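What you see below is based on every heavy atom in this structure, not just the backbone, and it leaves out hydrogens, waters and symmetry mates. Lettering follows sequence order; numbering is per chain, from 1. If you're wondering where the values come from, they're calculated on a predicted model, not measured in any experiment.
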There are 2 protein chains.
Amino acid sequence: MRLVITRCAVDYAGKLTAHLPLALRLVLIKADGSVSIHADDRAYKPLNWMNPPCSLREEPLTDDESGATARWTVTHGKSGERLILTIHEVLHDSSHELGLDPGLQKDGVEAHLQELLAEHITTLGTGYQLIRREYPTAIGPVDILCRDSTSTTVAVEIKRRGEIDGVEQLTRYLELLNRDPLLAPVRGVFAAQEIKPQARVLAVDRGIDCVTLDYDALRGIDNAEDRLF
Amino acid sequence: MRLVITRCAVDYAGKLTAHLPLALRLVLIKADGSVSIHADDRAYKPLNWMNPPCSLREEPLTDDESGATARWTVTHGKSGERLILTIHEVLHDSSHELGLDPGLQKDGVEAHLQELLAEHITTLGTGYQLIRREYPTAIGPVDILCRDSTSTTVAVEIKRRGEIDGVEQLTRYLELLNRDPLLAPVRGVFAAQEIKPQARVLAVDRGIDCVTLDYDALRGIDNAEDRLF
DNA sequence: GTATTTATTTCGTGC
DNA sequence: GCACGAAGTAAATAC
């Protein structure tokens, strides 16, 4: 990993064209060849970048009118995208061997929500019974298929954040599932940690129930059961 | 901007829980208070981060069994999310004043595609005439409304990448527009630089025409016209 | 390999 | 400030 603090201007020509006027920035050159240019704000996103595989060529500039001392050209292997850095001043330049990273272990995403809800299907109501997770259909798998206390089939769509897309998706599943005489009639449940108002309105309008999931509570049930064994 | 190369372990508890085992990494502390942790690959994405507003507290650790020398705690102002860095070794630590960045100027995104297609509406077929861009409806603006050679009204939805969402969006517009006796019947055209197979199937099934846009060709027409004036 | 879905999405924009 | 749509989305997963 090479860290360069430099006063530079940047031009990108690739999926779009973009330009960064002259300013002080951090240029990050990683071991995989990728290059990113950061300003002093926004944790997540660089101002500009080039994904690997790409190559960096450095050329000195002499007697440049505008005062530039070097041009760095980053070329993307396949697509021919280019990032051109016009370097005016270098305030810091250091390199560091970091080695391979063991990587992030994460927990609490949609897949996990689905597992938890399948395990604790009665969260949806007393007497609910799981048929199966990832119930396959021609247009893709339904997150959870189950039966309610009256043995009516229920299709559940799970999202971390429930938006209109999710309601549309569930609607397509319901339309298809209701054509199957073995399953019909099939009710829909839209389950998410957070449901956007517009999504809720659309769901209700289509007779789909909305359920807000409490991840910590679901996990809490888990923990409580863990203690029993 | 503060750059720290450190051997550290990281724990995040917030929107999810995540853990990074001990390894050498770059910790980037920006002027807006944001913190991001980078490995030596992936240009774009940090392994872990905290968006502003947040605050960093550094505490020394003495006689830690595992060999940690400090604990850095990043706390997000509002949500209470936490990022805890357990520092074992610091190989580099430098700070740099970058100042405000003038920001990125970009070109070639959806808005630009819309402008170009509106200017060259006959790309859709001979005899097409523009009614207006961003035609307002109760559920949002239609990208382009125009008439084909038979004077039938046509609603155009433009995407850079055409996916199912876009077809659903256009379907909602068409349903609404077709209730207006002054406009009905209204046909739909789904225009994108790239149309995903599933989106195309759904569009065709609903009687919506699909058009693949060639950005360079549209821009080329522009250039050709520029040369005439 | 391609296609689809998720994301601590992030980011802008309009209300 | 909230909600919605786009992104040079990127990254993981299913097929």
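In this structure, CG of B/Asp143 is placed 15 Å from C1' of C/dT13, rounded to the nearest angstrom. The CD atom of B/Gln193 sits 12 Å away from the P atom of D/dG8 (whole-angstrom rounding). As a whole-Å value, the separation of B/Asp165 CG from D/dG5 P is 9 Å. B/Leu16 places its CG atom 14 Å from the P atom of D/dA12, with the value rounded to the nearest Å. Between A/Lys106 atom NZ and D/dA12 atom C1' the separation is 9 Å, expressed in whole Å.
Sorted by first and then second residue, the pairs that involve residues 21-30 of chain B and meet salt bridge (charged side-chain N to carboxylate O under 4.0 Å, His left out), not counting sequence neighbours, are A/Asp101-B/Arg25.
A donor-acceptor contact shorter than 3.5 Å links the side chain of A/Asp40 to the backbone of B/Ala31. Proximity of a side-chain donor or acceptor of B/Thr171 to a complementary backbone N or O of B/Val167 within less than 3.5 Å is detected. Judged purely by atom type and a 3.5 angstrom limit, A/Asp209 has no side-chain atom pairing as donor or acceptor with the backbone of A/Val189.
Under the 3.5 Å distance criterion, with hydrogens and angles disregarded, a donor-acceptor pair is assigned to the side chains of A/His76 and A/Ser79.
Residue contacts for B/Pro197: at a heavy-atom cut-off of 4.0 Å it reaches the sugar-phosphate backbone alone, with no base atom in range. A/Ile158 comes within contact range of no nucleotide atom at all, as no heavy-atom separation falls under 4.0 Å.
Listed nucleotides D/dG8, C/dT8, C/dT6 differ in distance to A/Lys15; the shortest reach to its side chain belongs to D/dG8. The listed nucleotides are C/dT8, D/dA6, C/dA7; the one nearest the side chain of A/Glu110 is C/dA7. Distance from the side chain of A/Lys196 is smallest for D/dC4 among the nucleotides D/dC4, D/dG8, D/dA6.
Checked against side chain to side chain donor-acceptor pair (under 3.5 Å), A/Asp180 has no partners two or more places apart in sequence or in another chain.
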With Watson-Crick and G-U wobble geometry limited to distances under 3.5 Å, how should the secondary structure of DNA chain C be encoded in dot-bracket form, using | for bases paired to another strand and [ ] for crossing pairs?
-> |||||||.|||||||
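Here, C/dT6 and C/dT10 have their C1' atoms 14 Å apart, quoted to the whole Å.
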Run the side-chain donor-acceptor check on residues 3-12 of chain A: report pairs under 3.5 Å with partners two or more places apart or on a different chain.
residue	atom	partner	partner atom	Å
A/Thr6	OG1	A/Glu89	O	2.7
A/Arg7	NE	A/Glu89	OE1	3.2
A/Asp11	OD1	A/His19	ND1	2.7
A/Asp11	OD2	A/His19	ND1	3.4
A/Tyr12	OH	A/Lys15	N	2.9
A/Tyr12	OH	A/Glu81	OE1	2.5

Pairs of donor and acceptor atoms involving the side chains of residues 132-145 of chain B, under 3.5 Å and at least two apart or interchain, shall be tabulated with distances.
residue	atom	partner	partner atom	Å
B/Arg133	NE	B/Gln114	OE1	3.0
B/Arg133	NH2	B/Gln114	OE1	3.4
B/Glu134	OE2	B/Gln114	NE2	3.0
B/Thr137	OG1	B/Ile139	N	3.2
B/Thr137	OG1	B/Gly140	N	3.3
B/Thr137	OG1	B/Gly140	O	2.5
B/Asp143	OD2	B/Ile158	N	2.7

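Of the side-chain N and O atoms in B/Gln198, one or more sit less than 4.0 angstrom from OP1 or OP2 of C/dT4.
Sorted by residue number, the members of residues 35-52 of chain B with any non-hydrogen atom under 4.0 Å from DNA chain C read B/Lys45, B/Asn48, B/Trp49, B/Asn51.
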